[in-house]
Asks: 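Mind having a look at this structure? Questions to follow.
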There are 2 protein chains.
Amino acid sequence: MLKALGNPHRLALFERLSRCCKPGTTCSTKDEIHHCVGELGEGLDIAPSTLSHHLKELNRAGLVEMERRGKEVHCWVEPATLDELAGFFSGPFASTEARPHRSHTRGATS
Amino acid sequence: MLKALGNPHRLALFERLSRCCKPGTTCSTKDEIHHCVGELGEGLDIAPSTLSHHLKELNRAGLVEMERRGKEVHCWVEPATLDELAGFFSGPFASTEARPHRSHTRGATS
DNA sequence: CCTATTATTCTAAATATGTCGAATACTCGA
DNA sequence: TCGAGTATTCGACATATTTAGAATAATAGG
């Protein structure tokens with residue numbers, strides 16, 4: 001998953017899908033809760049084939065769901081996926097509440 | 001950050017550092033709250049130069065702090081870093097608290 | 001100063017990744 | 001069935017990444 005999100009274009013696609021139109025939230029009408037592939041690539045300057053490739057990678061990584069709807073293919077992110085990722089970093093020692101803010105150490109190699 | 005964590009070896013190093021010995025938690029004595037570079041690579045089967053390279057990448061990405069301590073170089077993860085990552089995925093729509101388990105995102109919701 | 005220990009830099013290689021264009025597939029409506 | 005619209009696969013190339021070994025640096029102790 002993290003490898004898939006390591007690419008700037010894929011991260012942008014994932015953000016677009018996860019930050020908008022959650023199930024239950026419905027940022028627009030009930031049929032528009034997902035994006036189609038074409039919409040997703042609008043901002044980014046990449047060829048359709050590249051877009052398709054990246055979406056496929058995101059899907060293979062289990063980050064993005066895809067479903068054909070007529071001519072279009074709609075994509076979305078399951079909330080559980082975000083939970084899983086957030087949970088990974090909110091491990092036993094993550095200071096989610098308190099933040100002692102210790103000494104600030106920068107790069108070691110001088 | 002995500003790109004840096006996309007590599008299996010780097011992710012393993014990061015996990016080792018973040019899952020153990022948080023500042024304030026002190027998994028052992030107060031001077032052993034960090035790992036030195038050599039310890040970190042023990043499990044993984046990589047050359048010292050490769051280990052150093054990966055640690056450098058993690059440091060450049062702002063994921064791992066490093067500090068020389070005599071012959072050794074100690075590494076650790078700031079809790080704030082974990083917070084930042086967890087927060088990124090606990091966005092406005094992530095169902096972090098309640099988990100309604102909403103089945104599919106398909107047209108079900110209206 | 002010399003040596004052992006620890007870690008980094010440098011260089012070169014094998015491999016993986018990102019990208020696009022052309023060709024192909026899928027769907028809908030005439 | 002054909003054509004338009006949408007998306008994917010395939011082939012190829014340029015670039016990036018991973019990796020290890022040799023050489024180098026930094027440190028502590030004699």
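Source: prediction; values computed, not measured. Below, chain A is the first sequence line, B the second, and so on; all start at residue 1.
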Asks: Over how many whole Å does the gap from A:Leu13 atom CG to D:dA7 atom P extend?
Replies: 13 Å
Asks: How does each nucleotide of nucleotides 8-21 of chain D score, in 5' to 3' order, for protein heavy atoms under 4.0 Å: base (B), sugar-phosphate only (S), or none (-)?
Replies: BB-------SSBBB
Asks: Quick one: list whatever passes salt bridge (Lys or Arg N to Asp or Glu O under 4.0 Å) with B:Glu72, sequence neighbours left out.
Replies: none
Asks: Are B:Leu5 and B:Leu85 side-chain neighbours, meaning at least one heavy-atom pair lies under 4.5 Å?
Replies: yes
Asks: For residues 4-14 of chain A, which residue pairs qualify under side chain to side chain donor-acceptor pair (under 3.5 Å), counting only residues two or more places apart or in two chains?
Replies: A:Arg10-A:His54
Asks: Nearest whole Å is fine: how far is D:dT6 P from A:Lys71 NZ?
Replies: 6 Å
Asks: Please list every donor-acceptor pair under 3.5 Å in which a side-chain atom of residues 44-52 of chain B meets a protein atom from a residue at least two apart or in another chain.
Replies:
none

Asks: Can you check the B:Glu67 CD to C:dA7 C1' distance for me, whole Å?
Replies: 15 Å
Asks: Sub-3.5 Å donor-acceptor pair from the side chain of B:Arg16 to the main-chain atoms of B:Ser18, do we have one?
Replies: no
Asks: List the residues meeting salt bridge (Lys or Arg N to Asp or Glu O under 4.0 Å) with B:Arg60, not counting sequence neighbours, and say none if there are none.
Replies: B:Glu57
Asks: Output the rounded distance in Å from CG (B:Leu58) to P (C:dT8).
Replies: 12 Å
Asks: Provide, to the nearest angstrom, the distance between the NE2 atom belonging to A:His74 and the C1' atom belonging to D:dA7.
Replies: 12 Å
Asks: Given atom CD of A:Glu72 and atom C1' of D:dG5, what is their separation to the nearest angstrom?
Replies: 9 Å
